[in-house]
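Please read the structure below before turning to the comments.
Residue numbers start from 1 in every chain, and the chains themselves are labelled A, B, ... in the order their sequence lines are given, proteins ahead of strands.
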Amino acid sequence: MANAVLGYKQSTFPTKLVIISLIGLLIFAVLPFVLGTFQLSFLSKLMLFGTLAVSLDLVWGFTGILSFAHGVFFTLGGYASAYYLKLNLSAAANTYGVDIPDFMVWNGLEVLPWFIAPLKYFPIALLATVAVPALFAYIIGYFIFRSKVSGVYITIITLAIASALTTFFVSQQAYTGGTNGITDVSSLSFFGSEIPPIGLYFIILAYAAFVLALSWWLTQSNFGLVLRSINENEKRIAFLGYDVAQYKIFIWTLSAAMAGMAGGLFVPLNRFISPVYLAVAFGTQVVIWVAIGGRGTLIGPFIAAILLGQFQNYADRVTQDWQLIVGILLLVVVLFIPNGLMSLLPERFSLANLSKPTRISPRAPSEQKS
Amino acid sequence: MDAVLSVKDLNVVFSGFKALKGVNLEVYDNEIVTIIGPNGAGKSTLLDAIVGKSPVASGHVFYQGKEITNRSPHQVARMGVGRKFQNPNVYNQLTVFDNILLALKGSHGILASITAKLTKAKKGRIYDVLERTTLLDQAFEQVDSLSHGQKQWVEIGMVLAQDPSIVLLDEPTAGMTAKETRMTGEIIKSIAQTHSVVVIEHDMEFVKQIAERIVVLHQGSVLAEGSVEEVQSNREVIEVYLGREAISTAA
C-alpha cells in the first residue's frame with residue numbers, strides 16, 4: 001500500500017523492524033535449550049534488569065528525566081510479590097508452622113498487618129506489583145512535575161527518595177524484614193504445580209518482549225515526538241498547547257509500573273528481596289545500563305544490562321574489583337561514545353530508520369493518487 | 001468591532017522593577033500591529049505577559065472577550081494565541097516536518113497523541129504551512145542543518161500550524177540576510193490576510209515594509225501609537241531614539 005503524500009511513502013507496517021525483532025526473539029527462545037541451569041536463571045534475571053533499563057530509557061532517554069529511583073519502583077513491585085510468595089508458604093515450610101511470616105514472629109508481631117494480608121491472594125498481589133510502584137510514582141511525579149521542578153533538581157529528589165526508602169524499609173523490620181528483606185519465599189506456582197525455571201524464563205521473555213514492543217509503539221507515535229520535544233525544550237512545547245506536566249507524570253508512572261512488574265517477576269527467581277535494590281547503588285546501575293546501551297534506543301539498554309551482567313559474572317571470578325572495570329567502561333563510553341553502544345551500529349539499523357516510513361520527495365496533496 | 005486581543009492597564013513587576021506600567025493595547029481582526037522601542041522597553045515582556053509566561057501584577061488581558069490574565073501557557077496556546085520567540089525556538093533534533101506536525105492544531109492530550117494518525121487532512125495542512133514558509137524542499141531535513149533564517153521560518157510555520165487567530169512574533173527577522181528579511185515580510189503579510197499579527201521589530205526598513213499600525217514602547221509604557229509617518233514625526237519618539245538615530249536615518 002504505497003500512499004505517497006508529502007514525502008512520506010506511508011507503509012504503515014515496519015517490516016524490517018519486525019523481521020529483526022522476530023530473529024532476536026527466536027534467538028532468546030532457543031537459548032534456554034542450550035544453556036545450563038545456572039545460565040538459564042541468570043539470563044532470566046538479566047532480562048528483568050534489561051526490562052528495568054528499558055523503563056528508565058522511556059523517562060531518561062526520551063523525556064530527559066534522569067532518575068536514580070527506578071530501583072525503588074522495581075523493589076516495591078518486588079516486595080509485593082515477595083509478600084505473596086511468603087504468605088503462600090505451606091505451614092510445613094514455614095519455620096513456625098503458623099500463618100504469619102517468620103520475620104514477623106521474630107519481631108514480635110502476632111497478627112498479620114491488615115495492609116499485608118490481602119497480598120496472600122494472587123490477583124491482588126499481581127495488581128499490587130504494578131499498582132503500588134505506579135501509585136507511589138504518580139504521587140511523587142504529581143508534586144515534582146506540577147511544581148515545575150526540573151533538570152538536576154529532579155535527579156536530586158530521586159536520589160533522596162531512594163535513600164529515604166532504603167532507611168525506611170530497614171527501620172520497619174517487623175513489616176519488611178529489615179536489612180535482610182524477605183527471604184526463603186516459596187516458588188511461583190500455577191494451579192498447584194510449581195513453575196519450572198524454564199517456564200519462568202519464558203514468562204519473563206514474554207514480559208520483556210511486551211515492554212519493548214509497548215515502548216516502541218508509544219515512542220514512534222506523536223506521543224513519542226512530544227516526549228523527545230520535552231527533552232529538547234520543554235518550555236517551547238507548552239506554548240504549542242501541550243500540558244508538559246501531564247505528559248511527564250504519565251510516562252513517569254507508566255515507567256514505574258513497568259519497573260514494578262519486572263521486580264515482581266524478579267522475586268520468584270531470586271528467592272529474596274531486600275533494601276539492597278532500593279538503594280542508590282542499584283539505581284545507579286540502571287542508569288549505567290541505559291548510558292552504556294544508548295539513551296533513547298530501547299533495545300540498547302536492554303542488551304547493555306545483559307552484556308554487563310554477563311561481564312560482571314565472569315570478571316567476578318577473575319577479580320574482586322570488577323566494579324572498577326565497569327567504572328572505566330562507563331567513562332570510556334561517556335567520553336568517546338556519548339550516545340552509547342547502539343550508536344556504533346550503522347545508521348540504517350537505527351531504531352528511527354527501521355520504524356519510519358520510507359521517504360520520497362515532497363509533492364502537493366492535490367497531485368497524489370490515493 | 002471588538003478587539004481580538006485587548007490589554008488593559010497592564011503592570012508587570014520583576015522583583016521590584018516595573019517592567020510594564022499600565023500598558024493598553026488593542027489588536028483587531030487581520031491587522032498587523034508592530035511594536036518598536038529601545039532595548040529594555042518591555043516589548044518581549046508584553047508578549048510574555050499575554051501568553052502567561054510572565055506573571056501579571058495588575059491589569060487584564062482579554063482574548064476574544066474572555067479574560068486570559070495569568071492563565072498557563074498551554075491554555076492560552078490552546079485558545080488560539082500563537083507565539084514565536086526571539087531566538088529560533090525550534091526542535092533541532094527533529095525534521096522540519098515533525099516540528100510542524102507537533103505544532104498542528106488539534107487535541108494535545110496524551111491519548112490523542114498516542115493514537116494520532118497522519119491523516120490526509122493533516123498532511124494537507126502541513127503542506128500548506130511548508131509552502132507558505134517556503135520550506136517544502138527542506139521538509140525532511142533535520143532542523144539542525146538549516147540556516148538561521150530558515151529556522152526562523154520553521155518557527156513561524158509552527159505558529160501557523162497552530163492555526164491561531166492571533167500570531168505574536170518576537171523579532172522574526174533577527175539574524176536574517178536582507179533577502180531573507182524581505183521574504184519574511186511577504187510571509188507575514190500573507191499571514192495577516194487570515195490572522196491578526198503582532199510583531200516586535202528593530203529593523204526600521206522591515207517595519208516600513210509590513211507596518212500598518214505602530215506602537216512605540218518606552219520604559220514600560222506606550223509612548224506613541226499610529227502609522228509609520230505619524231510615529232516618525234512624533235517629538236517624544238524622536239527624543240527617545242536620539243543618539244541612536246534609528247528613526248531619522250530610516251526616514
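- Residue B:Gln93 touches chain A through both its backbone and its side chain, counting heavy-atom pairs closer than 4.5 Å.
- If you measure heavy-atom distances from A:Ile251 to chain B, you find no contacts under 4.5 Å at all.
- Here A:Gly241 is the residue among A:Ser221, A:Ala238, A:Gly241, A:Gly224 with the most heavy-atom pairs under 4.5 Å with chain B.
- To the nearest 0.5 Å, atom CD1 of residue A:Ile154 and atom CZ of residue A:Phe145 are 4.5 Å apart.
- In this structure, chain A has heavy atoms under 4.5 Å from both the backbone and the side chain of B:Asn92.
- Neither the backbone nor the side chain of B:Val76 comes within contact range of chain A, judged by heavy atoms closer than 4.5 Å.
- Chain A forms the most heavy-atom pairs under 4.5 Å with one residue out of B:Gly109, B:Gly82, B:Gly52, and that residue is B:Gly109.
- You'll find the ring centres of B:His74 and A:Tyr242 outside the 6.0 Å limit.
- Note: A:Trp252 and A:Phe73 have perpendicular aromatic rings, judged against thresholds of 30 and 60 degrees for the angle between ring planes.
- For A:Leu344, the CG atom is densely surrounded, since the number of other residues' heavy atoms within 6.0 Å is greater than 12.
- A cation-pi arrangement, defined by a distance under 6.0 Å to the six-membered ring centre and an angle within 45 degrees of its axis, is absent between B:Arg125 and B:Tyr127.
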